[in-house]
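Structure, as structure tokens:
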Amino acid sequence: MSQEKINIYGLTLEQLATQMVGLGQKTFRAKQLYSWLYKKDVSSFDQMSDVSLSFREVLKEKYCLDLPTIFTEQVSSDGTIKLLLQLADGQKVETVLMRYIYGNAICVTSEVGCNMSCAFCASGLLKKVRGLKAEEMLGQLIVMNRYLIARKETARVSHIVVMGTGEPFDNYDEVMTFIRTANSQFGLDIGARHITVSTAGVVPKIIQYGKEGLQINLAVSLHAPNDEIRNKIMPINQAYPLTKLIPAVMEYYKESGREVTFEYIMIAGLNDSDACADELIKLIKPTHGFINLIPYNEVMENSFRRPSNNRIHYFHDKLLQAGIKATIRKEFGADIDAACGQLRARYERNKAN
Ligand code: SAH
């Protein structure tokens, strides 16, 4: 029955307040419920002890508190936690917790499968089935926090990166609802500056994102310094080539004042030459962006290989010397299925065999 009910985790504070007024309540009810849901993390309406018994019945009639369930789990020796979650319709999605000095970042999946078809990515092996609902993205965070509690850890999720499977800007409205709920000071209160959305480069949505009026971060999967190389590995570049993508990023920067991170996967022989570094420097200079070099995470489904550490450091130095801000991404979970979509891909493969 609960399918017909509204999942309360899918509502922003404003949306919940409007619904409470519709039920003849004062708007403060929404904050009260938020506090139970996100500060006290209850799992039933009956635990909301300062809500009258009769109104709890009304809530139970109209809303449910369904969350994804844990299907399988992997914990790496470096503390990285990877959960394969099952959604109400049986679909499986991955969510990952990575430990940094500054906090714990959850890598949230935004879609079941992905239509971007990037040549190097394991996620895109499985085409998009559907976008995730806001409550299914928030659910990843709540389930991860409960998992930490069950492990008797004091750590909680403090940062969000929407960099799991899927193209978040292909599921824009649900992603923004999720972010607003996670960011609400009456909810999970994850600071906007602690939230990053990564896109393959959906230009109109980059512009829209800049106008949201939140101090949230944008990461753009660039991966190539020119259209020729980018066309080979990212089909989206045909719709939104660099002549459209770079101006959109600059407009985003002008609008939001937030510096953009360009992700640049390093693949041997494809985008790691000196000439590529020079082109990349020219491309990025005017954008105020910084570059996150990602040593390619090899997957068994393709023949792309990671350059040597020397090559990666040489490339990095070249960017720094040209005055570009650049970092090399720290790797997590090397002893578990680290690359995006690998855990789910393996599950689907095993199921098929
Ligand atoms: N669709 C969005 C977000 C999901 S992918 C995007 O394209 O940004 C998150 C990041 O992981 C992207 O930068 C993607 O290019 C990168 N990625 C995918 N497969 C990878 C692999 N095997 N090794 C390293 N990075 C990978």
Side-chain angles (χ1 to χ4, degrees), residues 80 82 93-96 98 105-128 131-132 137 140 159-172 174-175 178-179 195-203 205-206 209 216-224 229-230 232-237 239-240 245 248-249 252 260-268 270-272 289-307 312 326-334 336-346:
T80 303
K82 196 156 195 172
V93 295
E94 291 180 17
T95 194
V96 183
M98 297 166 295
I106 189 168
C107 182
V108 168
T109 284
S110 59
E111 299 182 314
V112 179
C114 183
N115 277 345
M116 294 294 111
S117 302
C118 298
F120 47 79
C121 180
S123 301
L125 293 169
L126 305 155
K127 290 291 141 246
K128 175 171 173 175
L132 292 202
M137 290 181 265
Q140 295 172 46
H159 291 66
I160 298 171
V161 293
V162 187
M163 288 188 189
T165 299
E167 169 48 47
F169 284 176
D170 211 9
N171 187 22
Y172 190 88
E174 294 293 328
V175 167
F178 153 60
I179 287 177
I195 302 174
T196 302
V197 175
S198 175
T199 179
V202 185
V203 161
K205 298 296 178 192
I206 291 176
Y209 189 71
I216 41 184
N217 305 303
L218 176 67
V220 174
S221 295
L222 189 64
H223 306 332
I229 300 177
R230 203 162 188 265
K232 279 190 200 152
I233 51 175
M234 299 182 72
I236 191 175
N237 199 62
Y240 303 115
L245 180 60
V249 167
Y252 166 85
V260 173
T261 303
F262 290 100
E263 296 155 286
Y264 192 95
I265 294 182
M266 297 211 64
I267 300 175
L270 182 83
N271 64 2
D272 64 340
F290 56 91
I291 298 180
N292 195 205
L293 296 174
I294 308 172
Y296 182 62
N297 224 322
E298 296 177 3
V299 296
M300 60 184 266
E301 289 84 0
N302 65 46
S303 55
F304 293 121
R305 291 296 159 249
R306 144 194 317 216
I312 295 170
T327 49
I328 300 175
R329 179 176 291 177
K330 182 172 180 272
E331 289 178 80
F332 294 96
I336 57 177
D337 298 295
C340 314
Q342 273 189 319
L343 181 58
R344 174 166 176 258
R346 194 173 53 166

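Numbers here simply count residues along the sequence, with the first being 1. Ligands are counted one by one from 1 in listed order, and the atoms in each one are counted from 1 as well. Here the structure is a predicted model, which is why all the values come from computation and not from measurement.
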Provide the number and element of each atom of ligand 1 under 4.0 Å from a heavy atom of [X].
X: Asn297; answer: 21 (C), 22 (N), 23 (N), 24 (C)
X: Ser221; answer: 6 (C), 7 (O), 8 (O), 12 (C), 13 (O), 15 (O)
X: Gly164; answer: 4 (C)
X: Cys121; answer: 18 (C), 19 (N)

Quiz item: Quick one: do Glu263 and Arg329 make a salt bridge, cutoff under 4.0 Å?
Solution: yes

Quiz item: Hey, is Glu298 close enough to Arg306 for a salt bridge, meaning N to O under 4.0 Å?
Solution: no

Between [X] and ligand 1, which part of the residue brings a heavy atom under 4.0 Å of the ligand: side chain, backbone, both or neither?
X: Thr199; answer: backbone
X: His223; answer: side chain
X: Glu263; answer: side chain

Quiz item: For Met116, is the nearest heavy atom under 4.0 Å from an atom of ligand 1?
Solution: no

Quiz item: Is there side-chain contact between Ser117 and Lys127, with heavy atoms separated by less than 4.5 Å?
Solution: yes

Self-check item: Gly166-ligand 1 polar pair, N/O distance under 3.5 Å
Solution: yes

Quiz item: In Å and rounded to the nearest 0.5 Å, what is the CG to CD1 distance from Asp170 to Ile236?
Solution: 8.0 Å

Quiz item: Measuring from Leu270:CG to Phe304:CZ, what's the distance to the nearest 0.5 Å?
Solution: 6.0 Å

Quiz item: Is the closest side-chain donor-acceptor distance between Glu167 and Thr199 under 3.5 Å?
Solution: yes

Quiz prompt | Aromatic plane relationship, Phe120 with Tyr296 - under 30° parallel, 30 to 60° tilted, over 60° perpendicular | solution = perpendicular

